[in-house]
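Side chains are part of it too, since the values below use all heavy atoms of this structure and drop only hydrogens, waters and symmetry mates. Please read these numbers as outputs of a predicted model, since none were measured by experiment.
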Amino acid sequence: MEIKKVKRSEDYSGWYNNLVKNADLAEHSDVKGCMIIKPYGYAIWEKMQAELDRRFKETGHQNAYFPLFIPKSFFTKEASHVDGFAKECAVVTHYRLKVDPITKEIVVDPDAKLEEELIVRPTSETIIWNTYRSWIQSYRDLPILLNQWANVVRWEMRTRLFLRTTEFLWQEGHTAHATADEAIAETKQMLEVYADFAENILAVPVIKGIKSANERFAGAIDTYCIEGLMQDGKALQMGTSHFLGQNFAKAFDVKYVTKENTKEYVWATSWGVSTRLMGALIMSHSDDEGLVLPPRLAPIQVVIVPISRKPEEKELVMEKANHYFQLLKKQGVLVKLDDRDHLSPGFKFADYELKGVPVRIAIGPRDVQNETVEVARRDTKEKQVMSAADLEHKIPHLLEQIQANIYQRALDYRSEHIHAVNTWDEFMDALDNKTGFVSAHWDGSSETEEKIKEMSKATIRCIPLDNPQEFGKCILTGNDSKERVLFARAY
RNA sequence: CGGGGUGUAGCGUAGCCUGGUAUCGCGCCACAUUUGGGAUGUGGAGGUCGUAGGUUCGAAUCCUGCCACCCCGACCA
């Protein structure tokens with residue numbers, strides 16, 4: 001296959017699109033804004049799901065499933081929620097097609113108009129809280145700790161593979177609590193779960209923070225988030241966890257009876273991450289040779305490529321290769337033996353690099369003779385000849401090293417791309433020339449934030465949770481500020 | 001939705017300005033030789049040139065509409 005190569009440094013979007021296609025992760029479908037996630041890409045998503053799902057369950061959550069369709073009337077109940085999502089809703093208005101008697105074409109049957117339109121869910125707060133009303137009577141019914149894995153639809157104007165598609169896959173947690181404190185603790189707990197997942201599994205360092213009012217989720221009191229930094233210096237919101245207060249309980253009249261026999265509105269949270277994480281993964285680690293996968297997410301962690309010239313060599317090589325394959329498999333390593341003999345080793349090397357397989361083991365006649373193998377790691381492209389006897393214990397260790405190295409590299413990159421500035425000129429210089437996060441004072445008003453966005457195209461990504469108190473002057477207005485916030489240009 | 005660009009075989013493309021039914025590479029199929037960084041040879045299959053109209057004896061090529069996708073904005077996870 002002749003592969004079009006695009007350099008990351010020359011055309012970042014082109015590089016990204018090319019990589020998604022060449023690594024066999026996904027492709028554009030014939031449906032506008034919707035993508036087809038291919039088996040290899042989906043395998044990575046499944047690993048993300050498994051890791052997240054395990055963490056959700058460890059923190060006491062259960063999975064459930066709610067309808068894809070939401071009656072329009074539900075949507076109108078929470079005012080700011082409608083405002084936030086109205087512009088991007090797909091709406092079902094009819095339930096039947098028919099053959100037009102004149103043109104013989106299949107058309108929407110005008111007689112099959114729905115009494116009430118159905119919204120294809122952009123998020124499920126409304127239908128879930130409508131359901132919670134009937135589930136919750138007493139404090140004994142609380143908390144409810146649910147998650148659902150689902151697809152949602154947001155009719156965005158412009159889409160990008162994985163980062164923003166019309167339909168996307170995600171999980172959304174929806175919890176109900178008796179007290180504000182408990183709900184806030186839940187919100188923060190899930191933020192920690194996301195951060196832990198991002199850093200330890202995706203190997204993407206993230207900044208935990210809280211959103212400014214402008215960037216808050218529609219219907220939330222507070223939105224917590226994790227923000228990652230991509231290799232082009234742009235920030236990416238990788239997950240959000242919302243404290244919804246009693247907004248949805250009030251909108252859907254969800255009350256519970258306390259121990260003291262009083263009625264109170266229920267407190268809510270919601271939290272989600274999506275297939276956008278695939279985009280974060282790709283844009284955090286990959287290079288001009290293709291995808292770079294952290295071992296903990298790689299569907300194939302180690303690939304064995306046998307090399308042989310003559311049939312009698314092939315037999316010996318394959319025998320050894322099979323042996324190593326079994327050995328590593330027993331160690332719990334996700335190993336693949338690529339014995340396709342119509343493809344040359346060189347082709348396979350390049351192909352597995354494109355797909356980001358963390359470790360490649362090549363074994364040829366020379367190795368059989370010396371009881372060695374050639375081990376190449378994807379992250380650094382280093383190759384070493386390893387004694388075959390060491391494979392069993394060294395490979396699992398090497399995988400962990402690669403995981404750590406990828407994370408460290410991303411962390412170093414981020415550290416080099418957080419700049420503290422004190423003036424407007426420094427601010428613009430940092431955004432334009434240094435790229436990345438810019439830590440600056442802001443007077444706390446939405447108007448100022450809006451103005452800065454207009455002038456610089458940078459938004460407040462978050463107010464970091466571990467932010468030190470530091471008094472200063474807003475970079476735009478010169479007004480007093482009590483802490484720095486993180487700005488960046490973002491996806 | 002505004003600005004720019006692209007659409008020709010599974011992929012990447014030439015041809016378009018100056019109309020005459022399509023070029024090349026990769027891939028695919030068969031056979032042989034090969035295999036330590038994207039193998040080679042020989043033979044073969046594969047195309048309503050995005051789509052609908054128009055101009056013309058004749059359209060991939062000229063004109064008009066539409067659609068899709070990509071990039072840059074606005075919007076957003």
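Formation of a donor-acceptor pair under 3.5 Å by the T165(A) side chain with backbone atoms of C34(A) is not found in this model. For the pair E125(A) (side chain) and S270(A) (backbone), a donor-acceptor distance under 3.5 Å is absent. Checked by atom type and distance alone, the side chain of E215(A) never pairs as donor or acceptor with a backbone atom of R461(A) at under 3.5 Å. In this structure, N247(A) contributes its side chain and G219(A) its backbone to a donor-acceptor pair below 3.5 Å.
Within a 6.0 Å radius of CH2 in W155(A), no more than 12 heavy atoms belonging to other residues, nucleotides or ligands are found. More than 12 non-hydrogen atoms from other residues, nucleotides or ligands lie less than 6.0 angstrom from CD of E289(A).
Comparing A350(A) and L343(A) against RNA chain B, the residue whose closest nucleotide sits nearer the 5' end is L343(A). Between K21(A) and G346(A), the residue anchored nearer the 5' end of RNA chain B, judged by the nucleotide with its closest heavy atom, is K21(A).
We find that E227(A) and R414(A) are not joined by a salt bridge, their nearest charged nitrogen and carboxylate oxygen being 4.0 Å or further apart.
K234(A) contributes atom NZ, which lies 9.5 Å from atom OH of Y12(A) (distance to the nearest 0.5 angstrom).
At the heavy-atom level, E156(A) lies under 4.0 Å from base atoms of the strands shown. Residue L236(A) is out of contact with every strand shown, counting any heavy-atom pair closer than 4.0 Å. In this structure, F217(A) reaches neither bases nor backbone, as no heavy-atom distance under 4.0 Å exists between it and the strands shown. In this structure, T165(A) reaches the bases: a heavy-atom distance under 4.0 Å links it to at least one base atom across the strands shown. Residue contacts shown for E353(A) include a base, since a base heavy atom lies under 4.0 Å away. Using a 4.0 Å heavy-atom distance criterion, P365(A) is classed as a base contact. When heavy atoms are screened at a 4.0 angstrom cut-off, K381(A) is found touching no nucleic acid atom at all. At a threshold of 4.0 angstrom between heavy atoms, the contacts of K348(A) with the nucleic acid are absent.
Across all strands shown, rG2(B) pairs with rC72(B); the Watson-Crick or G-U wobble distances both stay below 3.5 Å. In this structure, rU33(B) forms a base pair with rA39(B), meeting either the Watson-Crick or the G-U wobble geometry with both donor-acceptor distances under 3.5 Å. Shown here, rC11(B) forms a base pair with rG25(B); the pair counts as Watson-Crick or G-U wobble because both key distances fall under 3.5 Å. Here rG46(B) sits opposite no nucleotide as a Watson-Crick or G-U wobble pair (both hydrogen-bonding atom distances under 3.5 Å). Pair assignment for rU56(B) gives none, since no Watson-Crick or G-U wobble pairing has each distance under 3.5 Å. When both pairing distances are held under 3.5 Å, rU51(B) makes a Watson-Crick or G-U pair with rG65(B). Using N1 to N3 plus N6-O4 or O6-N4 for Watson-Crick, or N1-O2 and O6-N3 for G-U wobble, each under 3.5 Å, rC16(B) pairs with nothing.
In this pair, F427(A) and W424(A) present their aromatic rings tilted. The plane angle is within the 30 to 60° band.
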Verdict with supporting geometry, S124(A) and R121(A), side-chain hydrogen bond (donor to acceptor under 3.5 Å, both in side chains): CA-CA 6 Å; S124(A) 303; R121(A) 62 179 167 217; 4.6 Å; no
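Remark: C1' of rC28(B) and CZ of F347(A) are 13 Å apart, rounded to the nearest angstrom. rA32(B) atom C1' lies 14 Å from atom CG of D341(A), rounded to whole Å. For the pair H342(A) NE2 and rU40(B) P, the computed distance is 15 Å after rounding to whole Å. In this structure, D351(A) places its CG atom 13 Å from C1' of rG27(B), rounding to the nearest Å. Look at CG on L354(A): it is 19 Å from P on rC26(B), rounded to the nearest Å. Atom CZ in R378(A) sits roughly 17 Å away from atom P in rG37(B) (whole-Å rounding). Atom CD of Q237(A) is separated from atom C1' of rA77(B) by 6 Å (rounded to the nearest Å). If you measure from atom CZ of F349(A) to atom P of rG38(B), you get 10 Å, rounded to the nearest angstrom.
For the C1' atom pair drawn from rU23(B) and rU8(B), the interatomic distance equals 11 Å after rounding to whole Å. The C1' atoms of rG3(B) and rA77(B) are separated by 26 Å, rounded to the nearest whole Å. Between rC17(B) and rG53(B), the distance separating the two C1' atoms is 24 Å to the nearest Å. Rounded to the nearest Å, the gap between the C1' atom of rC62(B) and that of rC24(B) is 26 Å. Taking the P atoms as reference points, rC63(B) lies 15 Å from rG7(B), given to the whole Å. For the C1' atom pair drawn from rG5(B) and rG50(B), the interatomic distance equals 15 Å after rounding to whole Å. Of the P atoms belonging to rG4(B) and rU40(B), the separation is 44 Å, rounded to the nearest Å. Using P as the reference atom, rU61(B) and rC70(B) are 25 Å apart when rounded to the nearest Å.
For the pair L25(A)/I37(A), no side-chain contact is recorded, criterion being any heavy-atom separation below 4.5 Å from C-beta on.
For K457(A), whose side chain is taken as the heavy atoms from C-beta onward, the closest listed nucleotide among rG73(B), rG37(B), rG36(B) is rG73(B). Of the candidate nucleotides rA77(B), rG36(B), rG38(B), rG36(B) has the atom nearest to the side chain of R309(A). Set against rU35(B), rG38(B), rG37(B), the side chain of I307(A) has rU35(B) as its closest nucleotide.
With hydrogens and angles ignored, no donor-acceptor pair under 3.5 angstrom links the side chain of E289(A) to the base of rG38(B).
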Contact list (N/O, under 3.5 angstrom) for nucleotides 65-71 of chain B vs protein:
| unit_1 | atom_1 | unit_2 | atom_2 | d |
| --- | --- | --- | --- | --- |
| rC69(B) | OP1 | G33(A) | N | 3.2 |
| rC69(B) | OP2 | K32(A) | NZ | 3.4 |
| rC70(B) | OP1 | H28(A) | ND1 | 3.0 |
| rC70(B) | OP1 | H28(A) | NE2 | 2.6 |
| rC70(B) | O3' | N17(A) | ND2 | 3.1 |
| rC71(B) | OP1 | N17(A) | ND2 | 2.6 |

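An OP1 or OP2 oxygen of rU35(B) is reached within less than 4.0 angstrom by no side-chain nitrogen or oxygen of S344(A).
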